[in-house]
Amino acid sequence: MKLPVIPIIPVKANAGTDAGGCASAGCGSAPDALAHLPDEIRRKVQDHPCYSEQAHHYFARMHVAVAPACNIQCNYCNRKFDCANESRPGVVSELLSPDQAVKKVLAVAAAIPQMTVLGIAGPGDPLANPERTFATFRELSERAPDIKLCVSTNGLRLPEFADEIAHHNIDHVTITINCVDPEIGARIYPWIYWNNRRIRGVEAARILIEQQQKGLEMLVAKGILVKVNSVMIPGVNDKHLPEVSKLVKAKGAFLHNVMPLIAEAEHGTYYGVMEQPGPTAAELQSLQDACSGDMAMMRHCRQCRADAVGMLGEDRGAEFSLDKIDKLDTQDIDYASAMARRKVVHEEIIGKLEAQRQWPAAKVGVGGTAITAGRPVLMAVATTGGGVINQHFGHAREFLIYEASDMDVRFIGHRKTDLYCSGGNSCGEEESVLDKTIAALAGCEVVLCAKIGYEPWGALEAAGIQPSGEHAMEPIEDAVAAVWREMLAAGKLATPAAMKKCA
Ligand code: CLF
Ligand code: SF4
């Protein structure tokens with residue numbers, strides 16, 4: 001059986017610039033968010049699409065769903081679906097044996113050289129399935145040593161497996177920590193399974209929290225990069241998460257990823273049935289900003305499936321389904337050649353990212369001078385990756401959101417068009433895709449895309465969002481900065497103070 005023929009995602013050139021410099025005056029190119037890191041840490045994260053915001057435009061990840069069981073219950077989870085601590089609720093992945101998982105990883109790595117990271121994140125908790133999880137990691141660390149290994153866990157059994165994690169060179173671990181207060185925890189976790197007993201309420205939450213904190217300390221002491229995921233549950237832990245952020249940062253966590261609760265009644269979760277609302281995009285951003293004073297925030301998480309394949313936000317899993325993998329003979333995969341090819345692709349991308357780091361920080365002020373009279377503006381961007389505006393508005397199922405201000409261009413997060421609707425959590429059937437997209441872009445004043453049709457153009461304008469196709473194929477930050485300057489020059493960005501002065 002031959003490997004499936006799959007086109008390689010091209011490493012896109014930044015149109016309008018060459019790798020050595022920025023074409024626009026008052027450059028708005030990507031700031032170096034990794035600049036403060038020691039070289040050793042930077043090397044660990046520069047090609048990890050979750051740990052580096054820049055990397056996620058260029059590098060891909062994949063998950064293998066080898067871990068079916070779980071040892072706790074979260075009120076936002078239904079065991080019929082993937083672990084909601086990393087996955088979008090309501091998604092079911094195809095369960096693999098460790099052998100099938102290894103075959104799949106080798107096939108994907110050969111076909112998608114940008115795939116740098118293999119994560120195990122479900123469909124249950126990886127450390128509640130230690131044999132299956134570590135059998136997969138063990139085999140892969142031998143057969144595909146160029147792939148970074150990553151695991152995501154609820155943390156209950158983390159202290160028990162910290163040594164084994166280090167032993168397998170698993171350099172990146174995610175712990176979902178929703179609280180450090182057992183009283184709050186009791187409202188999130190109805191029970192845990194611990195020492196062969198089911199434990200409930202505050203006592204269960206206390207044990208889980210202790211294990212998570214101990215596990216975090218042990219991993220940090222071993223030099224493993226720990227990311228903390230937290231699910232934002234309005235009215236339950238939203239006010240508490242800045243305290244969580246502060247504590248985990250003090251203990252050495254590298255990154256905090258605050259994700260929105262998604263609780264739909266049809267998912268059959270406790271919160272879904274109880275109509276617990278999730279946060280709005282603005283509430284999520286506000287909490288991420290509140291936490292960001294204490295540590296680096298991840299804002300580009302896509303709540304992936306436990307069997308996701310490809311760039312964040314895309315899913316090429318169907319190209320590597322179980323029936324195709326089962327027909328595959330690993331002898332057909334010339335991994336040594338694939339690894340050589342992967343190395344070339346990785347070096348090319350890292351060279352490009354290094355070149356971008358030499359660019360001035362993203363200032364929107366003309367000629368590098370900050371302008372203090374313009375208010376911040378949110379802009380939505382349609383992109384398939386590569387750091388450029390390259391997607392048709394009508395094809396976009398998610399938009400990256402940037403904030404341009406007089407100081408810089410800042411990545412804020414992403415919005416999926418099928419997650420939001422004008423009626424809150426329950427979209428009416430009559431609501432069109434365009435209506436949902438416009439609702440998803442609430443708060444944005446501009447949408448930048450490669451192309452857009454006449455009808456959506458009019459609908460966006462009517463909703464107060466200015467569409468623009470003028471910056472197609474330009475680097476995102478440059479284009480966002482350019483549009484902000486145009487708005488400023490057109491007198492659209494006067495701050496209240498400036499307006500008062502004029503009056
Ligand atoms: Fe997977 Fe998670 Fe590793 Fe990334 S995902 S195990 S750290 S390789 Fe990434 Fe996906 Fe968000 Fe997870 S975007 S859900 S944070
Ligand atoms: Fe579900 Fe994951 Fe929570 Fe387990 S840890 S109950 S699989 S969300």
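In each ligand, atom 1 is the first atom listed, and ligand 1 is the first ligand listed. Since this is a predicted model, take the numbers as computed values, not measurements.
- When each atom of ligand 2 is checked for a heavy atom of C74 under 4.0 Å away, the hits are 3 (Fe), 5 (S), 6 (S), 8 (S).
- Protein heavy atom nearest atom 15 (S) of ligand 1, with residue, atom name and distance: K227 NZ, 3.1 Å.
- At a 4.0 Å cut-off, not a single heavy atom of H172 sits close enough to ligand 1 to count as contact.
- Between F59 and H346, the ring planes lie perpendicular to each other; the angle is over 60°, past the 30° to 60° tilted range.
- Among the backbone and side-chain atoms of C50, an N, O or S atom lies under 2.8 Å from atom 9 (Fe) of ligand 1.
- A donor atom on one side chain and an acceptor atom on the other are found under 3.5 Å apart for D125 and T153.
- Under a 4.0 angstrom heavy-atom cut-off, D125 registers as lying outside contact with ligand 2.
- For the pair I170/F134, a side-chain contact is recorded, criterion being any heavy-atom separation below 4.5 Å from C-beta on.
- The closest donor-acceptor contact from the side chain of N169 to the backbone of L149 lies at 3.5 Å or more, if one exists at all.
- With contacts defined as side-chain heavy-atom distances shorter than 4.5 Å, the pair E283/L287 does not qualify.
- Nearest protein heavy-atom contact of atom 8 (S) of ligand 2 is A84 N, 3.2 Å.
- Of the possible donor and acceptor atoms, none in the side chain of R342 sits under 3.5 Å from a partner among the backbone N and O of I147.
- Taking atom 8 (S) of ligand 1 as the reference point, the nearest protein heavy-atom neighbour is V117 CG1, 3.7 Å.
- Nearest to atom 2 (Fe) of ligand 2 by heavy-atom distance, out of A69, P190, C83, is C83.
- There is a side-chain donor-acceptor pair under 3.5 Å between T383 and N390.
- A salt bridge between K343 and E347 is present, with a side-chain N of the basic residue lying under 4.0 Å from a carboxylate O of the acidic one.
- Contacts between H300 and ligand 1 below 4.0 angstrom, taking non-hydrogen atoms only, are absent altogether.
- Looking at C70 against ligand 2, only its side chain comes within 4.0 Å, counting heavy atoms.
- Between H267 and Y76, the distance separating the two ring centers is not shorter than 6.0 angstrom.
- Among V409, I412, L448, the single residue meeting the side-chain contact (heavy atoms from CB on, under 4.5 Å) criterion with Y402 is V409.
- Summary of contacts: the protein heavy atom closest to atom 5 (S) of ligand 2 is N85 ND2, 3.2 Å.
- Nearest protein neighbour of atom 2 (Fe) of ligand 1, counting heavy atoms only, is E86 OE1, 2.5 Å.
- Of all atoms in ligand 2, numbered sequentially from 1 with element shown, those under 4.0 Å from a heavy atom of C77 are 1 (Fe), 6 (S), 7 (S), 8 (S).
- For ligand 2, the atoms lying closer than 4.0 Å to a non-hydrogen atom of N154 are 5 (S).
- Residue M298 places a heavy atom less than 4.0 Å from ligand 1.
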